[in-house]
Amino acid sequence: MVVVGAGLAGLACALRVAGTGADVLVLEAGDGPGGRVRTDDAGGFRVDRGFQLVNPAYPALRRVLGEDGMADLALQPFGAGAAVAIGGRRHVLADPRRLPTAALSSVLAPLGSPVEKAAFVAWALGAATADPRAVRDGADEPLASALDRAGVRGRLRTGVVDPFLAGVLGDDEGRTSASFARLVVRSFVLGTPGVPPDGVQRLPGLMARRLAALPGTELRPRTSVRAVRRSAGGVRLRTDDGEVAARAVVVATDAWTAARLLPGLDVPAPRGLTTFWHEAPEQPAARSRARLLHLDGDRRGPVVNSAVMTAVAPGYAPTGRHLVASTVLGADEVAEPVVLRQLEHVWGQGTADWELVTTSSVPHALPALLPPLRARQDPDLGDGVYVAGDHRDTASQQGALTSGRRAAGAVLSALGLRPAA
Ligand SMILES: Cc1cc2nc3c(=O)[nH]c(=O)nc-3n(C[C@H](O)[C@H](O)[C@H](O)COP(=O)(O)OP(=O)(O)OC[C@H]3O[C@@H](n4cnc5c(N)ncnc54)[C@H](O)[C@@H]3O)c2cc1C
């Protein structure tokens, strides 16, 4: 069979099918595997194509990598909480189970009334403890109205919850599915996200290496599929290098390419994200807060979060140097001086001598997931054509991996083969 696209969905699909001994050819338009999970070298700095975290609580991650693979991924965890700049000070809001030393400061931080804080804790714990299947299949509404109804209001909402979720969902209008947001919050409560020591690309890199070790597999980079045509006895793909025929084809591209190749699929609105990567001459935060995500509780500019990558994973920079990733929503050009000015407030120090390493602008970072959530969409489009990707599940690495595995399961049962796991 043929998989179109070597992002997380395509790789997860290929691995599962190839695990049965079936031949798998993966056609990838880019110069290597990973899709949206890629890392570049920028003058010795490791720069992901947009600030991105990997959450070890994603069930699909462990399912795909196994314990050995999780060890190879070697996730370097962020701190379990956030530092929020309000006025001239930074306050730590932390998960007291994982960062007990910050529990008191979380309670005392001037970030909303005790009632608002209690409402948020109840909402987050409700998300963490609910059965994910019930969340996925239950009633849904826009996130903003769900938070209103739960009593999550005031400064905690505008200064912490909104910017934090905006950075994760790519949406600061609260239009995203509340059910999806609850699944995301669940994964943050259950696991501490991190990054591999040398960039997020290690994740697809490990998957591609495993695939290459299986007999009968090939990953062909720089091969863009231009058209998918159903024909008697199989499916034909037109590529830049000619035609490829297969009994089954899984289109595991981004949503927008999939809709071009397979007319009739939904075309979600794209959510863009832009990350500014700066070198700071000194570590910009005290040791105790350096591994925390930093937020601007006063919302003085477009930055939704900022993090010292090298405090979490020193391998992101040459020895002794400091790399900071700061993300804004959208992919429209934002002037760097505006970002640096806001970062002075976020980090509580001058940024005039920070050097821009590079900017990663991703206009189609995430498909908008509006209510009602339709996770677990059927991959089988008939006549040997299947579709996978984050747009068929949830807009996340977890959604991409699960969707790829689901498509593999559908292919295997159609071909009369049994999945290995
Ligand atoms: C900046 C940013 C931050 C993110 N942060 C997080 C995060 O913190 N946590 C999280 O869980 N998720 C995050 N995500 C989302 C996550 O990265 C994606 O949901 C996931 O990687 C999607 O994987 P995919 O395989 O569905 O699609 P993709 O990664 O888009 O893979 C599709 C592949 O298909 C290839 N392709 C496209 N067209 C063709 C063609 N015609 N022929 C052949 N190949 C083709 C592409 O080159 C690509 O390799 C983030 C994404 C971005 C961009």
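Whatever order the structure lists ligands and atoms in, that order sets their numbers, starting from 1. Side chains are part of it too, since the values below use all heavy atoms of this structure and drop only hydrogens, waters and symmetry mates.
- Crowding of Glu355 atom CD: a count of heavy atoms from other residues, nucleotides or ligands under 6.0 Å not exceeding 12.
- Counting only residues at least two apart or on different chains, the side chain to side chain donor-acceptor pair (under 3.5 Å) pairs with a member in residues 247-259 are Asp254-Thr257.
- No hydrogens or angles considered: nothing links the side chains of Trp277 and Thr359 as a donor-acceptor pair under 3.5 Å.
- No side-chain N or O of Asp198 forms a donor-acceptor pair with one of Tyr316 less than 3.5 Å apart.
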Ligand 1 polar-atom proximity to protein (N/O, under 3.5 Å):
{"from": "ligand 1", "atom 1": "8 (O)", "to": "Leu53", "atom 2": "N", "distance (Å)": "3.0"}
{"from": "ligand 1", "atom 1": "8 (O)", "to": "Leu53", "atom 2": "O", "distance (Å)": "3.4"}
{"from": "ligand 1", "atom 1": "9 (N)", "to": "Leu53", "atom 2": "O", "distance (Å)": "3.4"}
{"from": "ligand 1", "atom 1": "11 (O)", "to": "Tyr58", "atom 2": "OH", "distance (Å)": "2.7"}
{"from": "ligand 1", "atom 1": "11 (O)", "to": "Gln397", "atom 2": "N", "distance (Å)": "2.9"}
{"from": "ligand 1", "atom 1": "12 (N)", "to": "Gln397", "atom 2": "N", "distance (Å)": "3.4"}
{"from": "ligand 1", "atom 1": "14 (N)", "to": "Gln52", "atom 2": "OE1", "distance (Å)": "3.2"}
{"from": "ligand 1", "atom 1": "17 (O)", "to": "Gln52", "atom 2": "OE1", "distance (Å)": "2.6"}
{"from": "ligand 1", "atom 1": "19 (O)", "to": "Asp390", "atom 2": "OD2", "distance (Å)": "2.7"}
{"from": "ligand 1", "atom 1": "19 (O)", "to": "Ser396", "atom 2": "N", "distance (Å)": "3.4"}
{"from": "ligand 1", "atom 1": "19 (O)", "to": "Ser396", "atom 2": "O", "distance (Å)": "3.3"}
{"from": "ligand 1", "atom 1": "25 (O)", "to": "Leu8", "atom 2": "N", "distance (Å)": "3.1"}
{"from": "ligand 1", "atom 1": "25 (O)", "to": "Ala9", "atom 2": "N", "distance (Å)": "2.9"}
{"from": "ligand 1", "atom 1": "26 (O)", "to": "Asp390", "atom 2": "N", "distance (Å)": "2.9"}
{"from": "ligand 1", "atom 1": "27 (O)", "to": "Arg36", "atom 2": "NH2", "distance (Å)": "3.0"}
{"from": "ligand 1", "atom 1": "29 (O)", "to": "Arg36", "atom 2": "N", "distance (Å)": "2.9"}
{"from": "ligand 1", "atom 1": "30 (O)", "to": "Arg36", "atom 2": "NE", "distance (Å)": "2.9"}
{"from": "ligand 1", "atom 1": "30 (O)", "to": "Arg36", "atom 2": "NH2", "distance (Å)": "3.1"}
{"from": "ligand 1", "atom 1": "41 (N)", "to": "Val225", "atom 2": "O", "distance (Å)": "2.9"}
{"from": "ligand 1", "atom 1": "42 (N)", "to": "Val225", "atom 2": "N", "distance (Å)": "2.9"}
{"from": "ligand 1", "atom 1": "44 (N)", "to": "Ala29", "atom 2": "N", "distance (Å)": "3.1"}
{"from": "ligand 1", "atom 1": "47 (O)", "to": "Glu28", "atom 2": "OE2", "distance (Å)": "2.6"}
{"from": "ligand 1", "atom 1": "49 (O)", "to": "Glu28", "atom 2": "OE1", "distance (Å)": "2.6"}
{"from": "ligand 1", "atom 1": "49 (O)", "to": "Glu28", "atom 2": "OE2", "distance (Å)": "3.1"}
{"from": "ligand 1", "atom 1": "49 (O)", "to": "Gly35", "atom 2": "N", "distance (Å)": "3.4"}

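- Identified under the side chain to side chain donor-acceptor pair (under 3.5 Å) test for residues 121-138, with sequence neighbours left out: none.
- Applying the salt bridge (Lys or Arg N to Asp or Glu O under 4.0 Å) rule to Arg321 yields the partners Glu279; only residues at least two apart in sequence or on another chain are considered.
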